[in-house]
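Remarks on the structure that follows.
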Amino acid sequence: MRIAVASGKGGTGKTMISVNLSTVAGLDMIDLDVEEPNAFLYFEDGASTKSGVNRPVPSINEEVCDLCGECVRICAFNALIRLPNKIKVDEELCHGCGACSRLCHLQAIKEIDHEVGDLITIDSGERRLNYGRLKIGEANSIPLIAAVKDSIPSDKTVIVDCPPGTSCNMVEAVKDSDYAIMVTEPTPFGAHDLVMAIEVLERLNIPHGVVINKDGSCGADVSAICASRGITVLGSIPFRKDIAEFHAAGELLINHQIYRQKFIDIWKTVMKEARI
Amino acid sequence: MKNKTEKVAITATEESVNGEMDQHFGRCPYFIISDGERNYAVKNTARDATGGAGIKAAQLMIDHSVEVVITGSLGPKASQALNDAGIRSYVGASGNIEDVIKQYREGQLK
């Protein structure tokens with residue numbers, strides 16, 4: 001079972017909720033924020049392994065190609081261009097759909113590997129974190145997010161830290177989740193982006209609840225938004241300086257007695273809501 | 001003189017040679033193509049591409065055997081594609097299309 005932790009707005013506390021909840025629940029974790037992963041900071045003690053993740057891109061055999069241009073016409077992403085003397089591939093624009101190589105009437109196109117990043121596993125002995133790190137300069141995160149997501153079988157209960165936003169990266173990360181914990185903050189931005197993210201989850205038919213982080217910091221009434229949409233508030237974390245200090249020092253909040261119970265209670269509510 | 005007969009494409013806001021230039025290469029509505037004898041408009045089919053509009057517009061230029069592109073700005077992918085195809089490009093131009101063509105033909109465009 002996959003429990004996604006997502007937000008809409010960035011900086012609401014997804015990773016903070018993910019690392020504390022997964023630790024208190026004794027679950028493995030996946031960090032799908034491949035553009036800027038940071039959950040590993042809480043897993044530094046474990047042994048780590050790394051493997052490359054690739055996506056397919058076309059390679060054209062110029063000796064066979066007759067410059068018919070069918071591959072250029074068929075490419076939905078404009079990744080190919082027919083120059084006077086050859087077909088040129090833009091690997092950045094290519095989505096690896098494979099249409100060009102399948103439709104080439106001379107079989108002049110084969111797919112080769114284009115490296116997109118690394119899948120990294122940290123194993124502390126008790127728990128495991130799998131995360132992705134996108135290669136610098138790589139524009140398309142989706143193949144890496146998909147590979148990291150699939151690196152832990154879906155029959156295992158796992159907390160999935162998702163990238164912010166509501167675009168392709170977030171959709172790919174939350175897709176196939178059994179439940180989503182939306183982390184928000186009571187600011188106008190937090191409230192606005194929460195609604196957008198909830199609309200994504202509704203479209204994907206993913207049951208969800210909300211954790212209000214930095215509760216009391218600002219006046220946006222996210223509880224009212226949840227109530228009006230019939231969404232369960234799973235719990236809240238207060239806006240306090242000591243929390244920021246613990247988190248900035250790389251400490252888990254659950255190691256502090258006053259906050260440990262909050263995460264235990266949130267996890268109990270999640271288990272009930274998600275029927276774990 | 002070569003400038004007189006070269007096939008030149010200019011990014012345009014409308015289908016007329018009397019109109020104003022458009023500042024974007026990949027997503028301009030039209031190209032006005034001039035071969036020294038006549039001018040004609042070509043609809044930019046790359047305009048609504050979700051990505052790679054610059055490359056698709058460059059393909060359009062290649063398919064129309066254009067030799068010179070005059071526009072406001074050119075992205076890095078489009079610039080590379082035109083370069084690969086041996087098409088020269090001028091950026092930073094603006095104003096009335098007929099005037100710009102005249103300036104180019106007279107060798108005033110830098």
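Remember, predicted model here, so these are calculated numbers, not experimental data. The sequence lines fix the lettering, A, B, ..., with proteins before strands; numbering per chain opens at 1.
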Quick check on [X]: does its [atom1] atom have over 12 non-hydrogen neighbours (other residues, nucleotides or ligands) under 6.0 Å away?
X: Glu36(A); atom1: CD; answer: no
X: Tyr90(B); atom1: OH; answer: yes
X: Glu37(B); atom1: CD; answer: no
X: Lys110(A); atom1: NZ; answer: no

Check: Which atoms form the tightest heavy-atom contact between Asn78(A) and Gly51(B), and what is the distance?
Finding: ND2-O, 2.9 Å

Separation between [atom1] of [X] and [atom2] of [Y], rounded to the nearest 0.5 Å:
X: Lys56(B); Y: Leu80(A); atom1: NZ; atom2: CG; value: 12.5 Å
X: Asp84(B); Y: Ile81(A); atom1: CG; atom2: CD1; value: 7.5 Å
X: Asp90(A); Y: Gln80(B); atom1: CG; atom2: CD; value: 9.5 Å

Notebook entry, point to check: Is chain A contacted by the side chain of Ile55(B), its backbone, both, or neither, given a heavy-atom distance below 4.5 Å?
Noted result: both

Checklist line | Engaged part of Ala58(B) at the chain A interface, taking heavy atoms whose separation is under 4.5 Å | finding: both

